[in-house]
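Below you'll find the structure, written out as structure tokens, and then a few comments.
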Amino acid sequence: MGRYLLRRLNLFLATSLALVTVLFITTSYFPVSKPFALSGIATPTTEQLAQIEADYQLNGNQLQQFIAYAQTRLSGDLGLSVTSQRPVLEELTQALPASFELAIVSGIIAVLFGVPLGVLASLSKNKITQHSIMAITLTGYSIPVFWLGLTLSLWFGVELGWLPVSGRINLLYEIEPVSGFMLIDTLLSDSAYRISAFKDAVFHIILPAITLAVLPFTVVVRITRAAMLNIMELPFIKAAEARGLHTGTIVLRHALPNALIPVLKNMGLMLGTFASYAMIVEVIFSRQGVGSWLVAGIYQRDYTVIQGGVLGVALIIIFFSILIEVLHNAYNPLSRKEIYAAN
Amino acid sequence: MPLLDIRNLTIELDTPHGRVKALERVSLMINPGELHGLVGESGSGRTLLARAILGVPGHNWTITADRMMWDGQNLMDMSPKQRRNLMGSEIAVIFQDPMGSLDPAITVGSQLIEAMPQDKTISFWKRNSARKAIAQKWLHKVGIKNTEEVMSSYAWELSAGECQKVMIAMAIANQPRLLIADEPTDSMELSTQAQIFRLLSKLNQLHSVSILLISHELETLSGWCDQLTVLYCGQVMESGPTAEVLEQPYHPYTKALLDNMPDFSSGLAHKSVMQTLPGSSPALQHLPIGCRLGPRCPQAQKRCVSKPSLCHQKDRYFACHFPYNSEPCNDDPTT
């Protein structure tokens with residue numbers, strides 16, 4: 001296992017290096033002067049310019065520049081935002097928890113509803129149930145997320161007026177950010193209205209979370225169903241039946257743990273799509289997260305924000321896909337067998 | 001009263017080529033405390049029979065039988081739930097492929113504990129350790145020495161022999177009255193095979209568990225079993241006490257099996273042709289009518305296109321129009 005973890009760490013480092021290289025190369029193509037694109041300071045004083053040139057080795061050759069670039073970026077200096085003139089790292093760390101909150105809530109929705117529905121679809125002998133579940137998931141899979149988000153906010157937000165359509169919380173509530181997760185912060189705050197603030201935060205997250213959850217939900221349903229159909233035909237399920245176990249026990253204890261392994265694997269593969277969908281959803285529902293921040297940065301030609309945002313988001317995606325793979329291997333005894341065999 | 005009495009069991013499979021009778025009018029009787037051998041080539045429907053007895057049919061099966069009695073109760077009348085209860089407690093089975101029959105994602109020990117009956121008399125905080133102790137006891141009984149290690153490992157970490165022993169432990173942990181062993185020693189080396197057969201026959205003698213031993217090796221079966229049933233292509237050819245069947249086979253198929261056993265004592269010539277019946281056993285979609293041995297049978301005559309009914313002579317049964325060493329029955333309704 002140790003060697004395996006080391007290899008995964010190696011993969012993480014190598015991918016990150018490739019990412020930084022791509023960023024370094026694209027930065028040199030930005031249609032502005034290099035010191036500006038790197039630091040975000042539009043009209044630097046002479047001392048600032050000298051500092052920037054020293055930091056990024058702008059007088060050195062390409063390799064020296066690259067090493068200096070990687071050093072400054074990885075040490076956490078992402079430059080100043082062009083528009084707000086605040087450090088990009090600060091803005092990123094402020095925006096991240098909101099995105100995580102949305103992703104976690106919709107991930108929970110997808111798994112919580114997707115897995116049982118997939119199991120139901122696989123166990124049901126009724127053709128109509130099976131086909132309707134499959135038809136619904138296929139529809140959900142093919143609906144474009146921007147259309148779905150707009151339609152949902154039109155129906156439930158504007159016409160019915162049940163749910164708020166934008167923001168993370170009503171502006172009436174003043175919540176001190178502690179963890180950055182609005183759902184937690186409202187509960188942690190000591191204002192008299194924290195319960196109603198919490199309710200308001202929940203109402204605000206329902207529509208975006210559902211919009212974002214549709215894609216992973218459909219994928220989870222389909223993969224759970226396929227895996228369950230596969231596994232229910234395997235000899236060990238027949239053997240468990242022959243041992244006189246109840247169908248419920250067989251499904252929950254023997255079939256489902258085996259079926260969840262491919263689900264976990266596909267979650268890892270889906271992470272990139274999921275992240276880009278999350279950005280679109282954040283823009284549609286104007287939630288202050290990494291997505292809307294990055295999209296705004298792109299519109300405003302905020303070169304440092306673009307670099308910092310892409311670096312941060314990509315590093316997080318790389319990290320989580322490797323984490324999911326490691327989890328998948330730790331949880332799945334069968335793939336551990338392969339690891340042992342490989343070493 | 002026999003423990004299991006099956007009369008004229010027919011299993012039809014729905015295949016793309018139409019409906020096929022994979023088992024045709026099979027009768028089987030197992031007395032309490034008996035070690036019954038079921039011999040047949042692969043594809044002769046042995047596993048189908050085992051699964052039909054057990055009550056885990058496939059999705060495209062149609063099962064009909066004149067009677068299927070388990071200890072005086074009719075299995076055909078039982079609800080699936082009753083069948084399931086019976087499976088866990090009274091009938092147990094050891095499958096052909098021991099590794100595939102164990103869940104790869106859970107340790108062997110927890111599967112064994114799960115298969116054991118729950119003892120409600122032990123207070124719940126002691127229950128876990130008590131169950132673990134009982135599981136270890138059963139593993140000891142089937143001849144596994146390092147029980148702790150085996151219980152905490154996964155199926156794929158064990159050898160096929162160990163897996164099979166664990167399967168046997170699971171099967172006998174409920175103290176069943178009938179144990180169906182479907183090729184328990186398939187793909188195992190000879191010493192492990194002998195170990196497992198010894199284990200089964202010890203179970204049979206000490207706990208008077210009836211065992212239905214399914215195999216394709218007549219020699220092995222003849223060494224361990226009291227009764228023998230010979231199956232060919234889903235039809236019962238002959239059935240009776242092992243010694244008598246071997247001594248004086250009535251059915252041409254049994255005789256062919258016995259005659260074609262290579263005799264290693266006299267020294268076979270190098271690369272000499274091994275004796276077999278002409279032809280090969282037919283595929284499911286091209287079954288001959290009547291006696292399915294017909295096209296390959298040395299004794300076959302015109303009458304063999306109608307299926308001979310099972311003849312009963314003392315404690316032996318056979319289905320043949322022209323048996324060796326005996327007169328055919330005249331109660332054939334089709335002639």
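So that the names make sense, note that chain A is the first sequence line, chain B the second, and so on, each numbered from 1.
When B:Met99, B:Glu114, B:Met170 are compared by the number of non-hydrogen pairs under 4.5 Å with chain A, B:Glu114 comes out ahead. The candidate from B:Ile94, B:Val93, B:Ile91, B:Asp103 with the greatest count of non-hydrogen atom pairs under 4.5 Å with chain A is B:Asp103.
Within the 4.5 angstrom heavy-atom criterion, no atom of B:Arg83 approaches chain A. In this structure, chain B has no heavy atom under 4.5 Å from any part of A:Leu260. In this structure, the portion of A:Thr249 lying under 4.5 Å from any heavy atom of chain B is its side chain and not its backbone. Heavy atoms closer than 4.5 Å to chain A are found in both the backbone and the side chain of B:Ser110.
Using modelled atom types and a 3.5 Å distance limit, the side chains of B:Gln82 and B:Gln73 yield no donor-acceptor pair. Between the side chains of B:His216 and B:Ser42, not a single donor N or O lies within less than 3.5 Å of an accepting N or O.
In this pair, B:Trp138 and B:His207 present their aromatic rings tilted. The plane angle is within the 30 to 60° band.
Counting heavy atoms from C-beta on, the side chains of B:Leu102 and B:Met167 come closer than 4.5 Å.
A donor-acceptor pair under 3.5 Å links the side-chain atoms of B:Gln111 to the main chain of B:Ile106, judged by distance alone.
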